[in-house]
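FYI, side chains are in, hydrogens and waters are out, and symmetry mates aren't considered; it's all heavy atoms of this structure.
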Amino acid sequence: MIQEEKVKDKIEEVVTEDIWGSIKQFLDLGFHFGEEQNQIHITIGLLLLVILSFLSASFILRWIRMFFTRKMEETDKLKFISVFKFIKYVTYIIVVFATLSFAGINITPFLAASAALLVGLGLALQEFFKDVMGGIFIMVDKSLMVGDIIEVDSKVGRVIDIKLRTSRAITRDDKIIIIPNHMFIEDIIYNYTQNHRTTRESVQVGVAYGSDTQLVKKLLLQAVDKQPGVLKKPQPFVLFEDFGDSALIFSVLFFINDSFVDPRIKSEIRFRIDSLFRDNKITIPFPQRDVHIFETPSTKNL
């Protein structure tokens, strides 16, 4: 029993003093500068720690990137990778500062200078970072897709490209509008095709008082019945909107699959309404005002 304990103690001594001691001496090999508290140590162990930190950071970031982009399309993955490149560079900078700290170098001046630089850079590039974050949110939550029809600042356009900082849409008059991505998270944007591509549109018209309202309803439905682009289901319908100052106000409502071309469809429907009303003696009135002139004693003497 005593012999076994001696053997065990001997093995522990060999491991701790000989093997681990040799490894520690090897890791401590390097360059040592300065004296006492101001010493700087650049050793093999420190270099190995740096390499291991870089490899670990790269592996973790790659795993996170694969986790977030696993369900994305290839084009979205390429855009999202650029974000992770930026994060990777920031991580590497942190590793470098940590290494300098382990080496005994006072990194406080570096941190102070970096903080001032980052504050100035952040103020200068505030809008840029807001656009980038907006692009990331768009890619993650799929709130905007290529082909969606949106309304921004009273302009309707079809989205043709979504990038990390900006998105592009083509308007109905074939002009390109470039939209900063932060607008999609700060402003109210109308997306006509977020849920589905079918939208409800309407054409409003006024008819003269005394008109046959049932005939007006029939003619309005007839105007949209054979119009290309108007869906049969859901069926179009007519609303008697109001008794206006000079006319009875009607609206014919219908459904289409492409709201991008709805001005053209509405124009054709208005042409057909005008023609049907003329054929059936339905009058579209214009605003009228009655002017009453009262004579006064002064005007009679003139």
(message) Using a 3.5 Å distance criterion without hydrogens, assess whether the side chain of S56 forms a donor-acceptor pair with backbone atoms of L52.
(response) yes
(message) Within the structure provided, determine whether I189 and E151 are in side-chain contact (heavy-atom separation under 4.5 Å).
(response) no
(message) Can you tell me if L231 has over 12 outside heavy atoms packed within less than 6.0 Å of its CG?
(response) yes
(message) With a 4.5 Å cut-off on side-chain heavy-atom distances among I, L, V, M, F, W and Y, is there a chain of contacts connecting I138 to I170?
(response) no
(message) Taking atom NZ as the centre, does K232 end up with more than 12 heavy-atom neighbours from other residues, nucleotides or ligands that are less than 6.0 angstrom away?
(response) yes
(message) Would you compute the distance between atom CG of D225 and atom NZ of K218 and round it to the nearest 0.5 angstrom?
(response) 12.0 Å
(message) Could you check whether any side-chain N or O of N257 sits under 3.5 Å from a backbone N or O of G229, counting only pairs where one atom can act as donor and the other as acceptor?
(response) no
(request) Measure across P285 and A208 and return the closest heavy-atom pair with its distance rounded to 0.1 Å. (result) CD-N, 3.4 Å
(request) Return yes if some donor-acceptor pair links the side-chain N/O of N181 with the main-chain N/O of R165 below 3.5 Å, else return no. (result) yes
(message) Around atom OH of Y190, are there more than 12 heavy atoms from other residues, nucleotides or ligands closer than 6.0 Å?
(response) no
(message) Let's go through E201 and F254 carefully: what are the C-alpha distance in whole Å and the side-chain angles of both, what is the deciding distance for side chain to side chain contact (heavy atoms under 4.5 Å, CB included) to 0.1 Å, and is it a yes or a no?
(response) CA-CA 6 Å; E201 308 294 341; F254 51 92; 3.7 Å; yes
(message) Please determine whether residues L221 and F255 belong to a single hydrophobic cluster, defined as Ile, Leu, Val, Met, Phe, Trp and Tyr linked transitively by side-chain heavy-atom distances below 4.5 Å.
(response) no
(message) Checking the side chain of D212 only, and the main-chain atoms of Q214 only, is there a donor and an acceptor separated by less than 3.5 Å?
(response) yes
(message) Starting from I149, can I reach V159 by hopping between I/L/V/M/F/W/Y residues whose side chains sit under 4.5 Å apart?
(response) no
(request) Can you measure from CG (D161) to OG1 (T166) and round to the nearest 0.5 angstrom? (result) 7.5 Å
(request) Determine the sole option in L219, V216, V252, V224 for which the side chain to side chain contact (heavy atoms under 4.5 Å, CB included) test with V238 is passed. (result) V252
(message) Does any part of the side chain of F277, heavy atoms only, come nearer than 4.5 Å to the side chain of V207, both counted from C-beta?
(response) yes
(request) Check for a donor-acceptor pair, side chain of D131 on one end and backbone N or O of H182 on the other, with a separation under 3.5 Å. (result) yes
(request) Could you pull out the closest heavy-atom pair between E241 and S251, with the gap in Å? (result) OE2-OG, 2.9 Å
(request) Could you label the plane-to-plane angle of the Y209 and F243 rings as parallel, tilted or perpendicular, counting under 30° as parallel and over 60° as perpendicular? (result) parallel
(message) Looking at every heavy atom in both G134 and I185, which two are closest together, and how far apart are they?
(response) CA-CD1, 3.9 Å
(message) For the NZ atom on K217, are there more than 12 heavy atoms of other groups (residues, nucleotides or ligands in this structure) within a distance under 6.0 Å?
(response) no
(request) Check whether any side-chain heavy atom of I150 lies under 4.5 Å from a side-chain heavy atom of Y192, and answer yes or no. (result) no
(request) Would you check if M183 and V152 make a side-chain contact, meaning some heavy-atom pair closer than 4.5 Å? (result) yes
(message) So Q204 and I249, do their side chains get closer than 4.5 Å, heavy atoms only?
(response) yes
(message) Could you walk me through whether I265 and I256 satisfy the side chain to side chain contact (heavy atoms under 4.5 Å, CB included) test, starting with their C-alpha distance in whole Å, then the side-chain angles of each, then the deciding distance to 0.1 Å, before giving a yes or no?
(response) CA-CA 9 Å; I265 294 175; I256 60 176; 4.0 Å; yes
(message) When you measure from the side chain of D153 to the backbone of K155, do you find a donor-acceptor pair of N or O atoms at a distance under 3.5 Å?
(response) no
(request) Would you mind checking if D274 and R270 are paired as a salt bridge, meaning a charged N to carboxylate O distance below 4.0 Å? (result) no
(request) Could you tell me whether F237 atom CZ has more than 12 heavy atoms of other residues or ligands within 6.0 Å of it? (result) yes
(request) Can you measure from OG (S211) to NZ (K281) and round to the nearest 0.5 angstrom? (result) 13.0 Å
(request) In plain terms, say whether D262 and R172 are close enough for a salt bridge, that is, a side-chain N and a carboxylate O under 4.0 Å apart. (result) yes
(message) Tell me if a side-chain donor or acceptor on N280 pairs with a main-chain N or O of L276 at a distance below 3.5 Å.
(response) yes
(message) Could you tell me if the side chain of L253 sits less than 4.5 Å from the side chain of L239, heavy atoms only?
(response) yes
(message) Quick check on Q235: does its CD atom have over 12 non-hydrogen neighbours (other residues, nucleotides or ligands) under 6.0 Å away?
(response) no
(message) Is there a continuous path of hydrophobic side-chain contacts, each under 4.5 Å between heavy atoms, that joins I176 to V146?
(response) no
(request) Please test K130 against E186 for side chain to side chain contact (heavy atoms under 4.5 Å, CB included), starting from the C-alpha separation and ending with a verdict. (result) CA-CA 10 Å; K130 286 168 63 177; E186 290 184 350; 2.9 Å; yes
(message) Is any side-chain heavy atom of L220 closer than 4.5 Å to one of I273?
(response) yes
(request) Treat each ILVMFWY residue as a node, draw an edge where side-chain heavy atoms are under 4.5 Å apart, and state whether F271 and V230 are in one component. (result) no
(message) Within the supplied structure, the quantity of interest is the number of heavy atoms (other residues, nucleotides, ligands) at a distance under 6.0 Å from I188 CD1; does it exceed 12?
(response) no
(message) Is there a side-chain contact between L144 and S167 in this structure, where contact means two heavy atoms from C-beta onward sitting under 4.5 Å apart?
(response) yes
